[in-house]
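Hydrogens, waters and symmetry mates are skipped; everything else that's a heavy atom, side chains included, is used. This is a predicted model, so every value here is computed, not measured.
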Amino acid sequence: LIVAVFFYFFYQNINLVSRNFVISLQVSSAGDMLPASFHQPKVKIEVRGKQEDVNRMIENDFSAFLDLDYYTEPGTYDVPVQISLSDSVLAINLLEVKCSPSVIKMKVARRAYGQVPVEVMIQGKPADGFQVTDISVIPSSVGITGPDPLVRAMKSVVTDNVLVDD
């Protein structure tokens, strides 16, 4: 009986195929913490199962995200990559789903709010006899939100180029 069980599982394993998907990595943060450093934008998902099941899968069957809601203090953390599977994939009797990398080192900071002035970028030269004498922009300032160090460092926001060529 033990030999039969061994051969059954051996046969099941040799009929399995692997397939890789490269998907975008999202960041979930409904709380006070935000990413303060660049994170890897993509991860590799490896699935292993029966060929007919694996062949039906598409990239949209998977999503990967980092959940920052577990972190309450600024710092650098090894954040686990979490994977969500579509209902159609969950219904399949998969042997294995792996994510690489499975952890992302990320610096997180408190969510901050600020108000900064809007600067107008003038490009070009007015026609002969004309000159730019006054510049006004509405609104003159805008609210921003982001990781505390970046919000504190932001001195202004700049408009797209405003052409004043003749």
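Ala109 approaches Pro74 most closely through the heavy-atom pair CA-CB, 4.3 Å. Smallest separation of non-hydrogen atoms from Pro147 and Pro35: CG-O, 3.0 Å. Between Val151 and Gly114, the shortest heavy-atom distance links the atoms CG1-N, 3.9 Å. Heavy atoms only, all atoms of each residue included: Gly143 and Gln115 are closest at CA-OE1, 3.6 Å. The nearest pair of heavy atoms linking Cys99 to Val81 is SG-CG1, 3.6 Å. The two residues Val132 and Pro126 come nearest to each other via the heavy atoms CG2-CG, 4.0 Å.
Put simply, the residue from Asp78, Leu25, Val43 that forms a side-chain contact (heavy atoms from CB on, under 4.5 Å) with Pro101 is Val43.
For the atom pair Ser84 OG and Leu90 CG, the distance stands at 9.0 Å (nearest 0.5 Å). Going from atom CZ of Arg56 over to atom CD1 of Ile92 covers 5.0 Å, rounded to the nearest 0.5 Å. A distance of 12.5 Å separates CZ in Phe65 from OG in Ser29, rounded to the nearest 0.5 Å. Distance NZ/Lys42 to CD1/Ile23: 9.0 Å, rounded to 0.5 Å. Going from atom OG of Ser37 over to atom CD1 of Ile104 covers 10.0 Å, rounded to the nearest 0.5 Å. In this structure, the separation between OG1 on Thr133 and CZ on Phe130 is 11.5 Å, given to the nearest 0.5 Å.
In terms of hydrophobic clustering, with Ile, Leu, Val, Met, Phe, Trp and Tyr side chains grouped at heavy-atom distances under 4.5 Å, Phe62 and Val54 are assigned to a common cluster. Note on Val22 and Met57: separate hydrophobic clusters, where clusters join Ile, Leu, Val, Met, Phe, Trp and Tyr whose side-chain heavy atoms are under 4.5 Å apart, directly or indirectly. Note: the hydrophobic cluster containing Val79 also contains Tyr70 (ILVMFWY, side chain heavy atoms under 4.5 Å, direct or indirect links). Hydrophobic clustering, with ILVMFWY side chains joined whenever heavy atoms are under 4.5 angstrom apart, keeps Val157 apart from Met121. Residues Leu66 and Val97 share a single hydrophobic cluster, defined by chaining ILVMFWY side chains whose heavy atoms lie under 4.5 Å apart.
Residues Met106 and Leu68 are in side-chain contact: their nearest non-hydrogen atoms beyond the backbone lie under 4.5 Å apart. Between Ile144 and Tyr113, the closest side-chain pair of non-hydrogen atoms is not below 4.5 Å. Here the side chains of Val116 and Val142 are in contact, with some heavy-atom distance below 4.5 Å. Looking at Val17 and Arg48, their side chains never come closer than 4.5 Å, going by heavy atoms from C-beta outward. In this structure, the side chains of Ser88 and Asp61 come closer than 4.5 Å at one or more pairs of heavy atoms.
When atom types are taken as modelled, the side chain of Arg111 and the backbone of Gly31 share a donor-acceptor pair closer than 3.5 angstrom.
A search for side-chain hydrogen bond (donor to acceptor under 3.5 Å, both in side chains) contacts involving Asp32 returns nothing, not counting sequence neighbours.
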Verdict with supporting geometry, Arg110 and Met33, side chain to side chain contact (heavy atoms under 4.5 Å, CB included): CA-CA 5 Å; Arg110 291 203 189 285; Met33 306 308 284; 3.9 Å; yes
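Within a 6.0 Å radius of CG in Asp160, other residues, nucleotides and ligands contribute 12 heavy atoms or fewer.
Under 4.0 Å is where a charged nitrogen must lie from a carboxylate oxygen, and between Lys44 and Glu46 no such pair does.
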